[in-house]
Amino acid sequence: MATPVSNFQKPPSSNPLIPEKYLDVPSQRLYYLSLGLVCQAIKILDFILSLASGDNRMAVCRKWLLFDFLYCVVLSQLRIPRLNYSKPSILLQICFLWFLDCLLFGGISINLPALLGGVGLTSGVSEFSSTSSFGIRNIISPLSFGLISSSSSSRDSHLLGQHTVRMSPISTAHLNPQNLNFCLSPSTGFVLIPIVLNNTNLSGLKYSVTPLGFSETTPKGKIEIHDLTLRDLKVAEQVHQEQSQAALQTGPARNTEDYDEYDDDDDDDIESQDAQSKLQKSQSLVHIMLSRPGIVRLERVYDTSFADARLVVSEAVIVPCPQVVFAKDEGTAQEPIRCAGQDPTVQLKIKVHGVPPLSLRWLRTINGAREQFLVEGIEGDHQDDHTHTRKQDEAQPDPSAHATLGAISRVPVAQDVAVPLSVTLDHPGTYLYALEEITDGVGNTIRVGIEAESSPTDSLTRTKTTRSYMVLQKPAVSFSHCSTDTPVSLLIGSESSIKIRSLQVDPFDLPLDLDLKYQPPTEDGKGGKKLKPWKKTLKLHGDDKSLTFRVNTPGEYKIAGVKGKYCTGTVMAPDACKVVQKPYPAAQIEWKRIHECSGDTGVSASLVLHGTPPFQIYYRMQRDDEAPREISKSFTTSRAELTLQPERSGHYVFTFIAISDANYRKVELQGPSIDQMIHPLASADFSESHGSGRGKRIVNTCSGDTVDIDVDLKGTGPWNLELQVIGPHTAETMQLQAIRTSKKTIQVPIPQELQKDGGTFEIDLVSVEDASKCKRPISVPGVQVKVKRIVPTVQFYGQARERQVTTTENERVNLPLRLTGDGPWRIKFKKQGSNNVVTTTVHDRNGNLQVKDKGIYQILEVADSQCPGTVNVDAAQYQVDWIPRPSAKLSPATKSTAAPNGSHILGPVCEGVSDHVDLDLTGRPPFQIMYNIAQDGDLGGTKIMGQPTFNSIQPRTRFQLQTSQPGRVYYEVKQIGDAAYPLSKTRDMVIPPSERLLFEQQVFMRPTARFRNRNRLVYCLNDALVPLDSSSSDGFVLLEGTPPFTVVLSIKNIGASHVEMRTIEVPTNTWRLNIPSYTFSSIGPHLVTIQKVTDSSSCEQAAFDPLLRSIWVDVAETAAIIPFERREDICVGDATQFQLEGIPPWTIGYNVNGKSFVQDARTSPFSLLQQQPGLFTVTSIAHQQKMCKAAVTDLRFKVHALPSAQVGHGKKIFQDIHEGDQAEIVFTLIGEPPFTFTYQRSELSPKKGGVGKVLETHTVSRIQSKEYSIFSALEGTWTVTSITDRYCRYPPAQPDSTAEKHK
């Protein structure tokens, strides 16, 4: 398969400048970045050297500014992938590197003492810090490559250095100032003892170590003396710092699971840090490191001049850290899980090591209930009775109590003590014994063990400092919902469930083993196979509180025993469960015949049922040759009677087939059958078509002399039926013979007294006789017949001329009706021309038909609640009409041209000229006309300008056209309202777009002209009025209207009051002022004004903008520059002022040490601030936008550098002297002698970098040499405040704020 080749190629500009065949891309990146890192390292070295030497740092700054710029630019040209950045990114990189260069080499000064909140700096960086303000010149100075100097940099470079003399105070040393206790832990193996030094420049120290238990009478060991140098102390300080950092990192996130008993040693480091943070400024903290126990005393401390410091009497006691663990368990203590009732007493042993007497704190947790205990005075045999043990409350003696120091120092050696601990485990639950902390005789406390909350109550913990035991409760089980008294039922051929529940089972003791025995029943009634007893073991697991198993044989099941994982359990009552097998249900049946009225009418069965009620009997019934039917009947008792009397005659066979009880479904039943010829008894009832229920049926009749009544007959036909008709005053009996169908419709005559006026009569069934001549009376509810002789009618209300209505479109109209009869009425009607027949129900005799559309509506049918009715044909129609909607059209008198889209094009009009059209309106005044106004858009198409509405009360109205804005204006009548169709109610009835009135008109813009801006034009004398600068936008005239234009201009000479007119033809909408035929013949201001403008349309010009109608032209002569004072020698920082003649702005050309510069000035007088020594010469001056230039030949100055003074050769010197000594302060003077300078002495500032109060000030004059010295035995800081040489003074007088700076 060929590999597809992409036609896409990278543009050549994206490839590296160095082809990859010479050097691959990763190597290019590596080499170039390595070059940058090497250069940055050299930059840091230059920064350190500049701090130390104090040379010209600005030159170094310029060098690195240039290098960083070239490095970034070359990187962009190399186009190395992943190092190829956009131009904005490269610019940001250059700015960042330049800012860093200025920060490092003094281009930008920062008030470091203020930023650091008063934190003192070392003498190595004090020269870099400055309290001067941060200004814009500090940023511009390094970026200008020295062309512009920073104000703060200049000031610092002239008055540098200071000499500080300090008196040395008394030095002291204090061992263990907080009287802390120290112990040696096996994990670290050493301790750090703090020493607080005050006003001491430490060089070395000596200390002694007295072993524990040492006594002069019976010495044990010997006292050792140790010398430590400054290097040894630095090693100890490095170890202390590492411990402090480790304590800060691990202290807040200590985990009890990873807790070590010696982790609390880190607390001493934290306390030492707190002590160090509380030191005074003259104090310092050092440590000595010891790895052996004993009593430490400080013997000697000396500084770099080998002067001894005063020792504060104190000592530090170092002992082995106390330890406590559980000893190895023996006997029953080795069993962590126990059963209730087992031996409750367990013997534990605790091993304790430390300086006696020891105190032990331990806790006991029983089922979450926590108790703490304290055991004090733990110590072994008194072998050292001569040694006084150091009490815990004496562990922190008063350092001033020197007399008792010997007694305090006698500390015994550490001992190993075994402590017995008896615990009682007499109740079920979880027992936890944990060792918390151990305290020795000198007050060292070590926390060990775990917190009670950190160990779950159901877990077992066995560590060096914890012991836990779990006492399990014995399990108990029994049968649930089964016993010998309440056996479980078992169906033949199926299974039953037996449930064993567990009581008081501990989860740790699971699973349980249940021993189950089975004993079969003693007698087997069915004579089946013989059952055998058995025994098995069942498992009860932890997720289940009970055990359920299935059985399929009857008998007795018994729990023989139960045993858990650890403990033997108890069998609770009921411990036996009896299973009884249920027999199939059965029935004893006895048939009987039912004989009535010389015939068999049915059969009955007497049932005796065996089983568990309720019962359900299934039997089969078959009539003649018909298919047999299965029928069931339920009984709740064991004895029942079943009666069967079919409604039809025939030969019936009844057979019982099955029986069901509460346990078995449809058990086959071998029951007896019976054959019987059955003739059911005759009966009759009214058909359900006349209604149902126990009450009387109601039948309505509206016409005829008879009423049809339907009767249902039952039994053996033919039947003879007797019924009775009961009228209001009479009662008649009717005999109907030989009825051969079971359903018969009988025509019952209406009584004579009801045939004319109507009323109510009743029909009742009296008796019925079947084919066997068995006559039976009938007692069923009769039928009530309502005879009605008046039919309902309907018609529209009103005369023929009144049966019409006119309304607005889509408004609902109620057509009035008049109805007769008994409501409610059901009416059918339709609209002529439509096949849709509407049926509605009216409940009021004076109701209405509600319609919405216009047309002629006709009533078709009517019926009331009883009978159909008739419609009055003379009043069966009603007409509905709509009011015509209003319309509008242009008046014939309006002149317009028809467009293809149906719009009317009106004649054009000028902007602002009033115009109108006449509209003819049809409808019912007053009228409301809503229309859209649109105009051609800037991007094509049209935009809606508004949708106003105006009112008119006359059929012909005048429509005002919009002419305020030029362009093509479109009008569209969207909706018209009148009195019948007001717009407030018919907002949605807009005119369709194809039927709307449209007209349009072109509005011409009125021509106008104006200057683009009001900037003054500047020309020299005898110049023509033509453009001088092609890039300037001044002098442009903007014209609005339809080109071409004719512009009339006037040029007025203000000084001579002379006006000239010029007419210019302009073919476009813009024109630049260009009249070569006009020449400026005199100086002074000239005014050019637009007098008139016309375009190709016939519209009158618009009003001119008075501010932009005219423009000023200044005509000037040659400029001149004159100095305010004539001096040859000036100083750097002086401001030289000049008077400028001519019209601003001016352009002044000058020369500094052979380099030419140009300066712009907009006001006179003009000042220049001299910032570079050398020769300053003014060479030229021009005005009128660098025109009318004149040469200057006799204006030059010699600029001298400002003098400088340094104290201590420009550095910060700190000199410590003792009383009686003197310090030499050296002043270095730079400039042209003779010199005069002022120095001052100020008190030492309590804050590093601050300025103290000035104590004295002196001025020295007429110094011819460049170095001057004084001697002083006073404390303070000497600085120079001012210096003056032959020509200049520093600091100079404040220059004029308006002066311009130059190089």
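A donor-acceptor pair under 3.5 Å is absent between the side-chain atoms of R1162 and the main chain of P1145, judged by distance alone. Distance alone, capped at 3.5 Å, is enough to place a donor-acceptor pair between the T1179 side chain and the G1149 backbone. The backbone N or O of F1176 lies less than 3.5 Å from no partner atom in the side chain of R1196, so there is not a single donor-acceptor pair.
In this structure, CG in D1114 is found 8.5 Å from CG in L1017, a value given to the nearest 0.5 Å. To the nearest 0.5 Å, atom CG of residue N901 and atom CD of residue E1000 are 6.5 Å apart. Within the model, atoms OG of S952 and CZ of F959 stand 12.0 Å from one another, a figure rounded to the nearest 0.5 Å.
Summarising the local packing, CD of Q960 is surrounded by more than 12 heavy atoms from other residues, nucleotides or ligands at distances under 6.0 Å. The local environment of CZ in F1124 is crowded, with over 12 non-hydrogen atoms from other residues, nucleotides or ligands closer than 6.0 Å. No more than 12 heavy atoms of other residues, nucleotides or ligands shown are found within 6.0 angstrom of CD on E1100. No more than 12 heavy atoms of other residues, nucleotides or ligands sit less than 6.0 Å from atom CD1 of I953. Atom CZ of R924 is surrounded by 12 or fewer heavy atoms from other residues, nucleotides or ligands within 6.0 Å.
By the 30° and 60° cut-offs, the orientation of the rings of F999 relative to Y971 is parallel. Classified by interplanar angle (parallel below 30°, tilted 30° to 60°, perpendicular above 60°), the ring pair F69/W98 is tilted.
By the 4.5 Å heavy-atom criterion applied to side chains, L1039 and T1008 are not counted as neighbours. Two residues are said to be in side-chain contact when any heavy atoms from C-beta on lie closer than 4.5 Å; D1129 and R1127 fail this criterion. The shortest distance between side-chain heavy atoms of V909 and Q1001 falls below 4.5 Å. Looking at heavy atoms from C-beta onward, L921 lies out of side-chain contact with D978 at the 4.5 angstrom threshold. Using a 4.5 Å heavy-atom cutoff, the side chains of L1108 and R1014 are in contact.
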Stepwise side chain to side chain donor-acceptor pair (under 3.5 Å) check, S86 with S89:
CA-CA 5 Å; S86 62; S89 300; 3.1 Å; yes

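A donor atom on one side chain and an acceptor atom on the other are found under 3.5 Å apart for Q1091 and S1050.
Between R996 and E972, at least one side-chain nitrogen of the basic residue sits less than 4.0 Å from a carboxylate oxygen of the acidic one, meeting the salt-bridge criterion. A salt bridge is absent between D936 and R968: the closest approach of a Lys/Arg side-chain nitrogen to an acidic carboxylate oxygen does not fall below 4.0 angstrom.
Looking at every heavy atom in both residues, F1166 comes nearest to A1161 through CD1-CB, 3.5 Å.
Just one of R958, K889, R956 meets the salt bridge (Lys or Arg N to Asp or Glu O under 4.0 Å) condition when paired with D918; it is R958.
On the SG-SG cut-off of under 2.5 Å, C61 and C102 do not qualify.
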